[in-house]
2 protein chains.
Amino acid sequence: MAPRDTSKTKDRIIQAAFDLFYNQGYQATTIDQVIEKSGVSRPTVYTHFSTKEDLCQAYLKDRKAQELVDLKAEVRKGTTPRERYLAVIKGVGKALWGTGFRGCAFFNMISEIADPNHPLFHEARQYVDAVRELIRDGVIDLKASDPRYGKIDVDHVAESYYLLVGGAIMASQEYREKWPVKRALRAIEALIGD
Amino acid sequence: MAPRDTSKTKDRIIQAAFDLFYNQGYQATTIDQVIEKSGVSRPTVYTHFSTKEDLCQAYLKDRKAQELVDLKAEVRKGTTPRERYLAVIKGVGKALWGTGFRGCAFFNMISEIADPNHPLFHEARQYVDAVRELIRDGVIDLKASDPRYGKIDVDHVAESYYLLVGGAIMASQEYREKWPVKRALRAIEALIGD
DNA sequence: GTCTATATCTAGATAGAC
DNA sequence: GTCTATCTAGATATAGAC
């Protein structure tokens with residue numbers, strides 16, 4: 001029998017890891033589960049990824065890229081500076097509702113990995129940095145778009161926005177309900193005086 | 001040799017669990033570590049607690065009680081309704097700065113335990129409920145204290161407050177810095193028009 | 001009530017054949 | 001490149017003595 005196409009095999013492994021690491025957490029997920037879900041054998045996993053940690057890092061990189069693409073697409077869909085400003089919380093909300101309220105993969109990673117010098121911790125924080133920057137860009141654009149928004153304190157609005165997003169993610173996970181995102185949206189509107 | 005005083009032994013075990021579960025997480029902590037840290041033997045752990053999960057539940061109950069006592073003390077220290085309103089975020093900030101920024105034990109628990117029907121998940125959410133109620137009480141008292149605050153939307157302020165606290169906790173954990181709590185404090189002041 | 005010693009199980013990682 | 005079978009370490013929980 002001819003060997004399977006390599007890239008597809010690797011993708012299947014990552015896809016299995018994607019679901020398992022996200023839904024169960026890093027430590028609660030075993031390589032055996034990855035094997036079963038991907039339909040690939042044990043040594044095959046270890047030819048593509050040297051360790052479980054290595055596989056997790058690949059998963060996080062993948063997820064980070066994917067979520068940021070989605071979030072930026074949500075921003076681009078906005079037709080006004082205000083809509084683009086609100087796009088991040090709306091995009092986060094949509095993402096959460098589609099995933100059974102397991103919250104943010106990167107927050108969960110940081111909760112699991114106590115050591116801030118751990119590579120997986122670093123990987124997760126890069127995502128957080130990117131989201132904060134996306135929020136900040138929206139605030140800056142909004143401020144420049146209209147004299148009405150000229151008095152916005154960019155630091156204050158951007159960082160409060162980020163805190164509200166983070167709180168809404170955690171609260172969604174705690175309660176498995178939609179109100180935290182709705183509430184955050186209202187509070188984020190209020191930040192700019194709406 | 002006379003047997004050790006039981007309650008002190010049990011307390012030593014819980015104290016060891018307290019530090020380890022909080023700083024390393026539930027799954028990353030082993031019974032061996034609890035044994036070493038408490039200076040107690042393995043079977044002794046299992047005479048006081050039937051399983052690791054049972055020990056963790058005892059730890060969470062302890063921690064929940066202790067943190068709520070601290071938080072309520074912080075509220076009582078406030079001499080005006082406004083100070084008492086701000087007490088929760090200030091109390092949370094103090095607690096975080098004293099613990100090496102490992103964040104909220106209960107948030108971390110919820111991140112680790114994916115299943116919302118798990119007993120440990122339940123235990124953690126009870127803490128969250130209690131904090132939300134404490135915040136809400138402060139808002140209600142503030143509103144009643146002065147006509148100036150009469151127009152406060154209790155639901156909106158209380159829930160936004162909670163989201164800001166949650167976001168500040170997560171951001172502190174991500175960055176190991178104090179700005180998230182300071183920012184949350186300012187945003188929480190702004191919620192009531194200050 | 002507490003200990004030393006051990007059973008048992010699980011999970012990460014590897015050897016060697018095809 | 002992929003597989004079956006196995007090694008090894010480490011973790012939870014227990015048996016039996018003092």
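Quantities reported herein were computed from a predicted structural model and do not represent experimental measurements. Protein chains get the first letters and strands the later ones, always in sequence-line order, with residue 1 at the start of each.
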Could you tell me the separation between the [atom1] atom of [X] and the [atom2] atom of [N], rounded to a whole number of Å?
X       : N      : atom1 : atom2 : value
B:Asp11 : C:dG1  : CG    : P     : 14 Å
B:Leu20 : D:dT12 : CG    : P     : 12 Å
B:Ile31 : C:dC9  : CD1   : C1'   : 15 Å
A:Lys8  : D:dT2  : NZ    : C1'   : 17 Å
B:Ile35 : C:dT4  : CD1   : C1'   : 12 Å
B:Ile13 : C:dG1  : CD1   : P     : 11 Å
A:Arg12 : D:dG1  : CZ    : P     : 15 Å
B:Phe49 : D:dT14 : CZ    : P     : 15 Å

Establish, with yes or no, whether the OP1 or OP2 oxygen of [N] is under 4.0 angstrom from a side-chain nitrogen or oxygen of [X].
X       : N      : result
A:Thr44 : D:dC3  : yes
B:Tyr46 : D:dT14 : no
A:Ser50 : C:dA13 : no
B:Thr30 : D:dG10 : no
A:His48 : D:dT2  : yes

- Query: Just how far is it from atom CZ of B:Arg125 to atom CE of B:Met109, taken to the nearest 0.5 Å?
  - Reply: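 Interatomic distance, B:Arg125 CZ to B:Met109 CE, rounded to 0.5 Å: 14.0 Å.
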- Query: Is A:Asp194 salt-bridged to A:Arg82, cutoff N-O under 4.0 Å?
  - Reply: yes
- Message: Salt bridge or not between B:Lys77 and B:Glu74? Use side-chain N to carboxylate O under 4.0 Å.
- Response: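 Result for this pair is yes, salt bridge flagged.
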- Message: Closest approach to the side chain of A:Ser41, judged atom by atom: which nucleotide of D:dC3, D:dA11, C:dA13 is it?
- Response: D:dC3
- Return the nearest nucleotide to the side chain of B:Arg42; candidates are D:dA5, D:dA13, D:dT2.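 For B:Arg42, the side-chain atoms sit closest to D:dA13.
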- Quick one: does NZ or CZ of A:Lys10 land under 6.0 Å from the six-membered ring centre of A:Phe49, within 45 degrees of the ring axis? yes
- Message: Judged by each residue's nearest nucleotide on DNA chain C, which is more toward the 5′ side, A:Gln27 or A:Pro43?
- Response: A:Gln27
- Query: What about the rings of B:Tyr22 and B:Tyr59, do their centers lie closer together than 6.0 Å?
  - Reply: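 So the answer is no for these two rings.
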